*Asks:* 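Here's a structure for you.
Counting begins at 1 with the first residue of the sequence. Model, not experiment: these values are computed from the prediction. Just so you know, these numbers use all the heavy atoms, side chains as well, and skip hydrogens, waters and symmetry mates.
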Amino acid sequence: MSAAIIDTAHGDGDVVSLTFDDGPNPADTPALLDVLRRHDVTAVFCLQGDQAEQHPELVRRIAAAGHTLCNHGMHHDDMSSWTPEQIAADLRETSAAIRRALPGARIPYFRAPYGAWGGSPAVAEALGMRPLGWRLAVADWETPGTGELVRRLRAGITPGAVVLLHDGGGDRSQTVDAVDLVIAALKARRWRFTQPRPDRPQPPA
């Protein structure tokens with residue numbers, strides 16, 4: 001079984017996938033969901049287990065809006081030196097936390113915190129989740145200003161890219177505003193927003 005890390009959006013031509021990490025966050029996730037709804041865009045939300053436990057209503061709102069869920073670890077720990085058994089325990093705990101908020105939730109992807117993969121891709125695939133990477137990260141955690149984030153996104157997005165952004169882990173209002181502007185600009189140029197490359201069927205985690 002391959003444990004290749006996905007970094008490609010589904011489809012040909014000017015397509016891009018938006019992904020958001022470290023939520024759900026009650027300050028900014030609802031605003032982001034409103035932006036995505038207005039633009040009729042679906043995205044991937046990489047959820048921390050502890051945040052899903054604290055904000056189960058947001059997990060349900062994300063899924064109800066048609067977005068895809070991704071396991072992002074329980075506490076955003078660096079797993080690069082962990083044993084497969086430690087990784088599997090964390091991923092199972094995280095998926096269980098998400099499913100307590102949303103019973104039966106489909107969680108087709110796993111993203112390693114910090115992109116510190118270690119042995120996690122193979123473990124994730126054994127648990128039924130494809131490892132989800134990215135081609136573009138614009139360092140929105142630096143909060144450089146909405147205008148700068150727009151510049152980084154417009155300069156960095158290439159056809160087929162999976163883009164890493166954040167709706168949690170701090171004040172993400174700049175990200176929300178930048179996403180609103182960039183989606184509008186790309187749609188005006190006939191870009192399409194798709195999910196990451198289709199995941200292969202796997203047994204449930």
*Asks:* Are R60 and E57 close enough for a salt bridge, meaning some N to O gap below 4.0 Å?
*Replies:*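 No.
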*Asks:* Where do Y114 and D77 come nearest, in terms of heavy atoms and distance?
*Replies:*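 Looking at all heavy atoms of both residues, the shortest contact is CE1-C, 4.1 Å.
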*Asks:* Minimum heavy-atom separation for W191 to I157, with atom names?
*Replies:*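 Distance-wise, the nearest heavy atoms are CZ3-CG2, 3.7 Å.
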*Asks:* Hey, is the main chain of A52 close enough, under 3.5 Å, to the side chain of R100 for a donor-acceptor pair?
*Replies:*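 Side chain of R100 to backbone of A52: no pair is present.
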*Asks:* Would you name the heavy atoms of A178 and L153 that are closest together and state the gap between them?
*Replies:*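 Heavy atoms of A178 and L153 come nearest at CB-CD1, 4.4 Å.
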*Asks:* Give a yes or no on whether the backbone of S17 and the side-chain of T194 come within a donor-acceptor separation of less than 3.5 Å.
*Replies:*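 Here the side-chain-to-backbone pair does not exist.
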*Asks:* Measure the CH2-CD1 distance between W134 and I5 for me, rounded to the nearest 0.5 Å.
*Replies:*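 It comes to 8.5 Å.
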*Asks:* Kindly indicate whether the side chain of R38, heavy atoms from C-beta on, has any atom under 4.5 Å from the side chain of D180.
*Replies:*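 They are in side-chain contact.
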*Asks:* Using the side-chain contact (heavy atoms from CB on, under 4.5 Å) rule, take L165 and L149 through it: C-alpha gap first, then chi angles, then the decisive distance, then the call.
*Replies:* CA-CA 10 Å; L165 294 157; L149 288 177; 5.9 Å; no
*Asks:* Is any side-chain heavy atom of K187 closer than 4.5 Å to one of F193?
*Replies:*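 They are in contact (side-chain heavy atoms under 4.5 Å apart), so the answer is yes.
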*Asks:* Taking only distance into account, with no hydrogens and no angle test, what donor-acceptor pairs under 3.5 Å do side-chain atoms of residues 23-37 form with protein atoms, sequence neighbours excluded?
*Replies:*
| unit_1 | atom_1 | unit_2 | atom_2 | d |
| --- | --- | --- | --- | --- |
| N25 | OD1 | A27 | N | 3.1 |
| N25 | ND2 | D28 | OD2 | 3.1 |
| N25 | ND2 | D167 | O | 3.1 |
| D28 | OD2 | R172 | N | 2.8 |
| T29 | OG1 | N25 | N | 2.8 |
| T29 | OG1 | N25 | O | 3.1 |
| T29 | OG1 | D167 | OD2 | 2.7 |
| D34 | OD1 | R61 | NH2 | 2.6 |

*Asks:* Less than 4.5 Å apart, any side-chain heavy atom of P121 and any of F110?
*Replies:*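 Side chain of P121 against side chain of F110, heavy atoms only: no contact under 4.5 Å found.
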*Asks:* Any side-chain heavy atom of T42 within less than 4.5 Å of one from Q195?
*Replies:*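 SC-SC contact between T42 and Q195 confirmed.
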*Asks:* Check whether any side-chain heavy atom of M129 lies under 4.5 Å from a side-chain heavy atom of C70, and answer yes or no.
*Replies:*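 A side-chain contact is absent here, since even the closest heavy-atom pair is not under 4.5 Å.
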*Asks:* What about L91 and V59, same hydrophobic cluster or not, with Ile/Leu/Val/Met/Phe/Trp/Tyr joined at side-chain heavy-atom distances under 4.5 Å?
*Replies:*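 Yes; V59 is reachable from L91 via cluster members.
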*Asks:* The test is salt bridge (charged side-chain N to carboxylate O under 4.0 Å, His left out); show your working for D21 and R111 and say whether it passes.
*Replies:* CA-CA 9 Å; D21 285 11; R111 173 173 281 163; 2.7 Å; yes
*Asks:* Any chain of hydrophobic side-chain contacts (each under 4.5 Å) joining L58 to L102?
*Replies:*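 L58 does not cluster with L102.
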*Asks:* For V162 and V44, run side-chain contact (heavy atoms from CB on, under 4.5 Å): C-alpha distance rounded to whole Å, both residues' side-chain angles, the deciding distance at 0.1 Å, then the answer.
*Replies:* CA-CA 10 Å; V162 172; V44 178; over 6 Å; no
*Asks:* Measuring from Y109:OH to L69:CG, what's the distance to the nearest 0.5 Å?
*Replies:*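 If we round to the nearest 0.5 Å, Y109:OH and L69:CG are 11.5 Å apart.
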*Asks:* Are W82 and V123 linked, directly or through other ILVMFWY residues, by side chains that come within less than 4.5 angstrom of each other?
*Replies:*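 Result: yes, single cluster for both.
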*Asks:* Taking S80 for the side chain and W117 for the main chain, is one N or O donor matched with an acceptor at less than 3.5 Å?
*Replies:*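 Not a single qualifying donor-acceptor pair exists.
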*Asks:* Can you tell me how far the CG atom of D171 sits from the OG1 atom of T143, to the nearest 0.5 Å?
*Replies:*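 Between atom CG of D171 and atom OG1 of T143 there are 7.5 Å.
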*Asks:* Taking C-beta and beyond as the side chain, do H72 and D22 meet within less than 4.5 Å on heavy atoms?
*Replies:*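 Yes, their side chains come closer than 4.5 Å.
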*Asks:* Do T158 and R135 have a side chain donor and acceptor closer than 3.5 Å?
*Replies:*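 Side chains of T158 and R135: no pair found under 3.5 Å.
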*Asks:* Less than 4.5 Å apart, any side-chain heavy atom of R189 and any of D14?
*Replies:*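 No, too far: nothing below the 4.5 Å cut-off.
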*Asks:* Charged N to carboxylate O below 4.0 Å: is that the case for R152 and D140?
*Replies:*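 No salt bridge links R152 with D140.
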*Asks:* For atom NE2 of H39, decide whether the heavy atoms of other residues, nucleotides or ligands shown that lie under 6.0 angstrom number more than 12.
*Replies:*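 Atom NE2 in H39 is packed in, count exceeds 12.
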*Asks:* Would you call L136 and V16 a side-chain contact if the rule is heavy atoms closer than 4.5 Å?
*Replies:*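 SC-SC contact between L136 and V16 ruled out.
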*Asks:* Which atom pair, heavy atoms only, marks the closest approach of P113 to M79?
*Replies:*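 Scanning both residues completely, I find the closest heavy atoms to be CD-CE, 4.2 Å.
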*Asks:* Would you kindly confirm whether V150 and W141 end up in one hydrophobic cluster when ILVMFWY residues are joined by side chain heavy atoms under 4.5 Å apart?
*Replies:*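 Per the 4.5 Å side-chain linkage, V150 and W141 are not co-clustered.
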*Asks:* Would you confirm whether T94, through its side chain, and M74, through its main-chain N or O, come within 3.5 Å as a donor-acceptor pair?
*Replies:*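 Side chain of T94 to backbone of M74, a donor-acceptor pair under 3.5 Å: yes, one is there.
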*Asks:* Decide whether V15 and I6 are clustered together by the hydrophobic rule: side chain heavy atoms of Ile, Leu, Val, Met, Phe, Trp, Tyr closer than 4.5 Å, transitively.
*Replies:*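 Different hydrophobic clusters.
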*Asks:* So with a 6.0 Å cut-off around CZ of R154, is the heavy-atom count from everything else above 12?
*Replies:*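 Open: at most 12 neighbouring heavy atoms sit under 6.0 Å from CZ of R154.
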*Asks:* Spell out, as yes or no, whether a donor-acceptor pair under 3.5 Å connects the side chain of E148 to the backbone of G145.
*Replies:*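 No, E148 side chain to G145 backbone: no donor-acceptor pair under 3.5 Å.
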*Asks:* Judged by modelled atom types alone, do D50 and H76 share a side-chain donor-acceptor pair under 3.5 Å?
*Replies:*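 Not at all, the side chains of D50 and H76 share no donor-acceptor pair under 3.5 Å.
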*Asks:* Checking S95 side chain against R92 main chain: does a donor-acceptor pair fall under 3.5 Å?
*Replies:*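 Not a single qualifying donor-acceptor pair exists.
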*Asks:* Which pair of heavy atoms, one from P159 and one from G13, lies closest together, and at what distance?
*Replies:*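 Residues P159 and G13, closest heavy atoms: CB-O, 3.3 Å.
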*Asks:* Identify the heavy atoms of A97 and E53 that sit nearest to each other, and give their distance.
*Replies:*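 Minimum heavy-atom contact is CB-CG, 3.7 Å.
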